[in-house]
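Below: one structure, written as structure tokens.
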Amino acid sequence: MTSSPCCPPSRPTAFAARISSLEAPEARLPRADSDGAAAEMAVGRRVFLAMTHASVAPAGASGTSYRLFPGPAEVPGSFDRVSAGDLVAELG
């Protein structure tokens with residue numbers, strides 16, 4: 001099951017259907033510092049980190065990272081780096 005502070009738990013198949021439908025989000029929570037808020041929520045959890053270029057991984061978090069534009073910089077910490085094909089295979 002997946003969940004976040006703003007959303008109820010859902011099964012992986014329901015979550016995949018929701019994100020692939022391209023519908024508008026149920027809620028948007030504006031933050032002055034979105035990177036800081038994401039890092040705070042990720043501490044001690046396994047998370048999915050998606051970024052366009054290099055980024056800083058939340059301290060104390062682990063999980064899977066995907067970079068839209070791969071390059072020489074690595075994601076620090078306990079993150080497994082995956083390709084677009086890996087992501088499609090996981091959701092398929």
Side-chain angles (χ1 to χ4, degrees):
M1 296 253 226
T2 58
S3 66
S4 73
C6 69
C7 305
S10 63
R11 300 220 175 274
T13 52
F15 175 74
R18 193 169 64 248
I19 63 171
S20 66
S21 69
L22 301 177
E23 293 179 13
E26 294 173 5
R28 281 194 191 269
L29 304 175
R31 301 275 185 165
D33 177 15
S34 58
D35 288 340
E40 183 181 318
M41 288 174 38
V43 172
R45 296 182 177 179
R46 182 162 173 75
V47 299
F48 174 68
L49 178 63
M51 55 199 146
T52 53
H53 295 285
S55 184
V56 177
S62 65
T64 303
S65 71
Y66 169 73
R67 286 181 58 195
L68 181 59
F69 302 111
E74 293 295 323
V75 177
S78 302
F79 283 84
D80 298 321
R81 194 166 155 192
V82 297
S83 69
D86 297 329
L87 292 175
V88 171
E90 286 290 325
L91 294 174

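Please read these numbers as outputs of a predicted model, since none were measured by experiment.
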Quiz item: How would you list, by chain and number, every residue that makes a side chain to side chain contact (heavy atoms under 4.5 Å, CB included) with Val82, sequence neighbours excluded?
Solution: Thr64, Tyr66, Asp86, Leu87
Quiz prompt | CZ on Arg81 to CG on Leu49, rounded to 0.5 Å | solution = 11.0 Å
Quiz item: Are Phe48 and Leu68 connected in the hydrophobic side-chain network, where two residues link if heavy atoms are under 4.5 Å apart?
Solution: yes
Quiz prompt | Closest approach of Ala61 to Ala42 (non-hydrogen atoms, all atoms of both residues) | solution = CB-O, 3.3 Å
